[in-house]
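Okay, structure first, notes after.
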Amino acid sequence: MAENTEEKKESINFIHQIIEEDNKTGKFAGKVHTRFPPEPNGYLHIGHAKSICLNFGTAKKYNGLCNLRFDDTNPTKESDEYVNSIMEDVKWLGFDWEDRRYHASDYFDQLYEYAQQLIKKGKAYVDSLSSEDFAKNYKGTPTKAGKNSPFRDRSVEENLDLFDRMRKGEFPDGAHVVRAKIDMAHPNMHMRDPSMYRIKHAHHHRTGDKWHIYPMYDFAHGLSDSIEGITHSLCTLEFEVHRPLYDWFIDELGVYHPQQIEFARLNLNYTVMSKRKLLELVEEGYVDGWNDPRLPTISGLRRRGYTPSSIRTFADRIGVAKRDNIIDVGLLEWSVREDLNKIAPRKMGVLRPLKLIITNYPEDKEELMDATNNPEDPDGGTRKVPFSREIYIEQSDFMEDPPKKFFRMGPGREVRLKYAYIIECVDFKKDPATGEILEVYCTYDPLTKSGEDQTGKKVKSTLSWVSAKHAYRTEVRLYDRLFNVEDPSDVEEGEDWKKNINPGSLEIIEAAALEPSLAQAKAGVGYQFERQGYFTVDTKYSTPDKLVFNRTVTLKDDWAKIQQAGN
RNA sequence: UGACCGAUGGUGUAACGGUAGCACAACAGAUUUUGGUUCUGUUUGUCAAGGUUCGAAUCCUUGUCGGUCAACCA
């Protein structure tokens, strides 16, 4: 056998390389078990989608499992609302955690025991310094060593007693904290006696009022991975400096040791991704809720018309590495076009209608034209579209004085109406005051009917159209990027990043003219309005008698590029 | 003046000491009853300086630039 029969070796990311190496050496006995560990304190965004695809995708690729685990260690910020939205989003993206939905709060008893063990070992202590005092006078700075808390050498008995009374709720918030006893001079700030438990008299959305103390993320997270038997804990770069701490807890406790691997988080231009900024946009009303179609949230992308498949493709294309990156939002748009092009039913829709009257077409005549549902799908079939004397075309498809490169309609020009006839422009009506074109008059050539044309006539352009009297007049919403600049957060000291918001990011068209069949459009389906873009039924503002359409993304537009180049 | 991480075309991402490849973008052309799709072609890159080697994007040294870290947040 020739071994070099074009066996293209698949290029794999550095995490999969590590996994394959581990599988070779038997480090985890060939097992791969990952997890997606969100905090239920906000909605998921496209950056989370990268992590979800990585974790679930990796498990699938290596015949392993992936858990969904909520890191719910801060009851004052977390809620079931977020738990539910996160589950909905993960499911919608196409992933399944089966029966492995866990919560860090499931492990609170175990974690409490672990903390007791560390205290008994002399590796943890109860500190009674206030957080401000500790930060200001003991923690030190990255370039300056810290110093020991005066409570650092409390006896094991006293520590255990205090910890127990913390648990029982005997102290007010902030009175004490449990710290790991590591090294106040450590060059890694996270190793300078980090806190493990704090007092919080707060109701937890799952454990109720059972606890008056809650573990810190840094204490809970790595140990939760350990408890779940995670082999490869994939997380973002900023946790790299936390890894020595997670390892310290695990090694001091002598428990199972997962391997943490850090990768660079996703950054997208022309948008913001931080939970804080997203929250600000939502709460201050700059956008229409967490699922505003302009937001990079999963729910926003869903409402906008993005498909799960397109987001998975996107995650695949951007890759996984350790260097900082800013992905061009154009790649996300490419991903959804690529998907929708293959599956979206074609329709005709005129966004900004301009009436066109075919003067030699009988007043009361109507024809049903055969239209292809999807040229990319041989089995897609055809449909009938009504045609009549008065139709709408796109305003931008007519120019009174067209330049040479403009192929569409103009005085004296001939174009084809898709699925119908070749027409010639004989006249037009203009508002003398505004210069606005009001109506266009044409004649048609009956011998050029689509599918029956024997004339051999050639035209440079084909226009989409909608019969005026049959049109489904309804609302269409056009979206543009939410920000005018690539990096909205990059503002001068004291300036508000929200000044970069694009005031034209939402354009509402009250009465577009759509092909009548669109009145029966179904939610969740992406339609292509030919020569315009992909549109989907909005799930928030549509009513049975008035559907509202969202534009997911425009089609690629070479003419727009030519126009721009001309300016 | 601390610790850790990173640096490959415009943007991402491969190449694991042996011809710098792929995707997106851009540009040119072909096809097209969507200025869409598809197809063909083209342009553009190893942060810098030394060193090791027959041979360096890859190994070593130094430098430069960028990121992360000082919550009783995650």
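The chains referred to below are lettered A, B, ... by the order of the sequence lines, with proteins before strands, and numbering in each begins at 1.
You'll find the side chain of A:Lys277 stays beyond 4.5 Å of the side chain of A:Pro488, heavy atoms only. Within the 4.5 Å cutoff, side-chain heavy atoms of A:Tyr125 are placed close to those of A:Ser149.
Using bins of under 30°, 30° to 60° and over 60° for the plane-to-plane angle, the ring pair A:His201/A:His212 lands in the tilted bin.
Counting to the nearest Å, the P atom of B:A74 and the CG atom of A:Asn74 are 5 Å from each other.
Within 4.0 Å (heavy atoms only), A:Gln532 reaches no atom of the nucleic acid at all. Contacts of A:Leu555 with the nucleic acid, taken as non-hydrogen atoms under 4.0 Å apart, include base atoms. Residue A:Lys418 is in base contact, counting any heavy-atom pair closer than 4.0 Å across all strands shown.
Put simply, A:Arg531 has a side-chain N or O that comes within less than 4.0 Å of OP1 or OP2 on B:G35.
With hydrogens and angles left out, the side chain of A:Glu376 and the base of B:U38 share no donor-acceptor pair within 3.5 Å.
Listed candidates were B:U33, B:A74, B:G35. Nearest to the side chain of A:Asp558 is B:G35. Relative to the side chain of A:Met216, the nucleotides B:A74, B:G36, B:G2 differ in distance, and B:A74 lies closest.
Annotation: cation-pi geometry not satisfied between A:Arg35 and A:Tyr102 (NZ/CZ under 6.0 angstrom from ring centroid, within 45° of ring axis).
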